[in-house]
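Fair warning: this is a prediction, and the values are worked out from it, not measured in the lab.
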Amino acid sequence: MAPEERADAARLLRGFERRFLAARALRSFPWQSLEEKLRDSSGSELLLDILQKTVKHPLCVKHPPSVKYSRSFLSELIRKHEAVHTEPSDELYQALAEVLTAEEPAHCHRSYLLPSGDSVTLCESTAIVSHGTTGLVTWNAALYLAEWAVENPAVFTHRTALELGSGAGLTGLAICKTCRPRAYVFSDCHSRVLEQLRGNVLLNGFSLEPSIDAWAQHPGPHTPEAERPRVAVAQLDWDTVTAPQLAAFQPDVVLAADVLYCPETVLSLVGVLRKLSTCQKDQRAPDAYVAFTIRNPETCQLFTTELGRAGIPWEEVPRHNQKLFPYEEHSEMAILKLTL
């Protein structure tokens with residue numbers, strides 16, 4: 001195989017690997033490129049390589065996606081193979097037979113590859129809105145904010161971060177694994193989200209502080225050389241939490257992703273940001289970054305209007321290329337930097 005062909009095949013494998021690990025919609029896979037490659041004599045070998053990068057990937061073996069998803073993926077892969085080659089692929093049929101007999105678990109996993117070679121694996125609900133909350137799945141703005149953080153690690157290095165509305169935990173886990181924060185506080189309000197969030201923190205190899213009260217009373221020494229940050233999960237109700245309770249976390253930076261989904265949450269978010277603006281550390285308030293998908297321009301306008309009423313200046317962070325993570329769909333997103 002010529003060097004250019006090898007590079008094309010590597011890009012194709014990478015595309016399948018990233019999308020399958022993140023359990024992206026099958027329509028987003030590079031099927032057309034695969035069909036072109038399958039017409040070459042090396043097509044069957046490429047299919048086996050794809051199998052190793054997807055269903056047989058070590059991450060998927062350890063933390064599998066849903067059985068239904070794997071079944072649909074393998075069925076489509078077999079269809080592409082049969083459309084070009086008359087010889088059946090024993091390996092593909094055997095892999096399909098294995099998932100056909102497997103039982104569907106209550107939860108499934110998604111994994112996201114990081115530039116460092118590490119990965120973030122999340123246990124997520126299969127429902128988009130489950131148990132009355134949207135926090136059990138990863139939304140696009142969380143991916144977008146995580147990408148920006150990986151590209152701008154100095155914002156978090158040796159600092160304490162407080163995340164509002166952490167959801168499944170992708171953004172914070174990516175930051176903890178790549179940006180060397182001193183400490184990271186995940187937070188949410190819904191009990192089921194918090195339960196899943198704690199599980200995802202442990203799943204990715206971090207230990208949790210025994211209690212938030214202990215965290216607040218004993219924030220620990222500043223140790224930049226520490227390889228792993230201190231990590232805590234807090235239950236925070238934006239409407240009832242007090243400024244002293246927020247100040248106890250001693251945040252240097254505050255962040256939130258995809259929390260502007262209705263006017264009520266916008267008002268609550270601005271309220272908690274106003275409380276955070278009184279949290280002085282080293283005689284300055286924390287930096288704040290809010291990422292969101294622009295679904296409804298009126299909701300975004302309400303957010304900036306309410307920020308103005310609260311006396312919180314803001315500026316839009318320059319957009320970055322969405323190349324690190326595979327998105328379900330490419331919608332318009334933005335990150336605002338707030339001066340609290």
Side-chain angles (χ1 to χ4, degrees), residues 1 5-85 87-105 107-126 137-138 143 168 170 173-174 200 203-204 322-330:
M1 189 183 294
E5 291 177 333
R6 280 198 298 271
D8 287 343
R11 277 192 294 271
L12 184 64
L13 284 171
R14 180 76 171 172
F16 271 86
E17 178 185 44
R18 291 168 70 244
R19 287 172 175 81
F20 186 84
L21 290 177
R24 288 298 174 237
L26 294 186
R27 65 179 180 275
S28 72
F29 282 67
W31 297 112
Q32 185 174 349
S33 298
L34 174 62
E35 289 173 354
E36 294 170 0
K37 288 287 184 185
L38 287 177
R39 296 189 184 97
D40 299 336
S41 59
S42 60
S44 295
E45 183 180 335
L46 178 60
L47 279 174
L48 297 182
D49 289 339
I50 288 176
L51 199 60
Q52 293 301 318
K53 290 288 187 180
T54 54
V55 178
K56 301 294 185 182
H57 195 290
L59 273 174
C60 285
V61 173
K62 188 175 182 180
H63 306 297
S66 77
V67 171
K68 181 180 179 181
Y69 181 79
S70 296
R71 188 183 303 142
S72 298
F73 172 78
L74 285 168
S75 297
E76 185 64 23
L77 203 59
I78 289 171
R79 273 195 291 272
K80 299 301 182 187
H81 170 76
E82 290 178 341
V84 177
H85 296 279
E87 284 289 321
S89 170
D90 293 340
E91 290 85 353
L92 286 178
Y93 284 114
Q94 182 179 347
L96 180 60
E98 290 173 1
V99 297
L100 285 173
T101 57
E103 293 185 7
E104 187 71 74
H107 296 89
C108 60
H109 297 86
R110 299 175 189 262
S111 294
Y112 300 88
L113 301 178
L114 300 172
S116 61
D118 204 344
S119 60
V120 172
T121 296
L122 304 177
C123 178
E124 293 188 346
S125 168
T126 52
V137 295
T138 297
L143 297 169
L170 171 80
L173 288 168
N200 283 335
L203 183 66
N204 284 272
Q322 300 165 229
K323 293 183 177 180
L324 180 55
F325 300 121
Y327 287 75
E328 197 69 75
E329 57 185 25
H330 281 275

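Put simply, the side chain of Arg110 gets close to the backbone of Ala23: a donor and an acceptor are under 3.5 Å apart. Checked by atom type and distance alone, the side chain of Arg24 never pairs as donor or acceptor with a backbone atom of Arg18 at under 3.5 Å.
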Audit row: Leu13, Gln52, side-chain contact (heavy atoms from CB on, under 4.5 Å) steps and yes/no | CA-CA 10 Å; Leu13 284 171; Gln52 293 301 318; over 6 Å; no
Please walk me through it: do Ile50 and Phe73 pass side-chain contact (heavy atoms from CB on, under 4.5 Å)?
-> CA-CA 11 Å; Ile50 288 176; Phe73 172 78; 4.1 Å; yes
Pair Val55-Phe20, side-chain contact (heavy atoms from CB on, under 4.5 Å): steps then yes or no | CA-CA 8 Å; Val55 178; Phe20 186 84; 3.8 Å; yes
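Atom CG of Leu74 and atom CD of Gln94 lie 11.5 Å apart (nearest 0.5 Å). The line from CG of Leu34 to NZ of Lys80 is 7.5 Å long, rounded to the nearest 0.5 Å. Note that the CG atom of Leu47 and the CD atom of Glu45 stand 10.5 Å from one another [nearest 0.5 Å]. The CG atom of Leu21 sits 4.5 Å away from atom NE2 of His57, with the distance rounded to the nearest 0.5 Å. Once rounded to the nearest 0.5 Å, the distance linking CG of Leu51 with OG of Ser89 reads 7.5 Å.
At most 12 non-hydrogen atoms from other residues, nucleotides or ligands lie less than 6.0 angstrom from NZ of Lys53.
Between Pro64 and Val61, the shortest heavy-atom contact is CD-O, 4.2 Å. Closest of all the heavy-atom pairs between Leu114 and Ala174 is CD2-CB, 4.2 Å. Across Leu59 and Ser111, no two heavy atoms sit closer than the pair CD1-CB, 4.0 Å. Between Asn204 and Val120, the shortest heavy-atom distance links the atoms OD1-CA, 3.4 Å. In this structure, Val99 and Ser70 approach most closely via the heavy-atom pair CG1-CB, 4.0 Å. Closest heavy-atom contact between Leu122 and Leu173: CD2-CD1, 3.7 Å.
Residues Leu170 and Asn200 are not in side-chain contact: their nearest non-hydrogen atoms beyond the backbone lie 4.5 Å or more apart. Contact annotation: the side chain of Leu96 approaches that of Ser75 to within less than 4.5 Å [non-hydrogen atoms, C-beta and beyond].
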N/O donor-acceptor pairs under 3.5 Å from side chains in residues 25-33, not counting sequence neighbours:
unit_1, atom_1, unit_2, atom_2, d
Ser28, OG, Ala25, O, 2.7
Trp31, NE1, Leu26, O, 2.7

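For residues 56-71, the salt bridge (Lys or Arg N to Asp or Glu O under 4.0 Å) pairs, not counting sequence neighbours, are Lys56-Glu98.
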